[in-house]
Amino acid sequence: AAVKATGESFFEPELHRLRGECALAATGARDRAEECFGRALEIAQRQGNQVIVQRAAGSLARLQTDRRA
């Protein structure tokens with residue numbers, strides 16, 4: 001909502017990534033976390049924000065690795 005209200009989208013992918021981390025930590029909602037990490041990755045790639053691309057990719061990879069274990 002804040003992104004839409006202000007038009008500021010630089011931190012939008014990080015907000016999605018953090019939402020995924022919170023969903024995973026609070027409820028173990030792996031599907032929701034994966035959805036959030038994927039959205040963060042998509043937006044960060046579109047923005048060319050390589051720092052957040054790496055963070056989102058790391059979160060997603062860790063989730064997928066944990067799912068296999």
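- When all heavy atoms of A40 and A56 are compared, the closest pair comes out as CB-CB, 4.0 Å.
- With E14 contributing its side chain and R55 its backbone, the two residues share no donor-acceptor pair below 3.5 Å.
- With salt bridges taken as basic N to acidic carboxylate O contacts below 4.0 Å, one links R62 and E21.
- The minimum heavy-atom distance linking L60 with E34 is given by the pair CD1-CG, 3.7 Å.
- In this structure, I52 CD1 and F10 CZ are separated by 6.5 Å, a value rounded to the nearest 0.5 Å.
- A pairwise comparison of heavy atoms in A33 and G20 identifies CB-O, 3.4 Å as the closest pair.
- Atom CD of residue Q47 and atom CD of residue E12 lie 7.0 Å apart, to the nearest 0.5 angstrom.
- Minimum interatomic distance between F37 and R17 (heavy atoms only, all atoms of both residues): CE2-O, 3.3 Å.
- Tracing side-chain contacts under 4.5 Å through hydrophobic residues (I, L, V, M, F, W, Y), one reaches L41 starting from L24; they form part of the same cluster.
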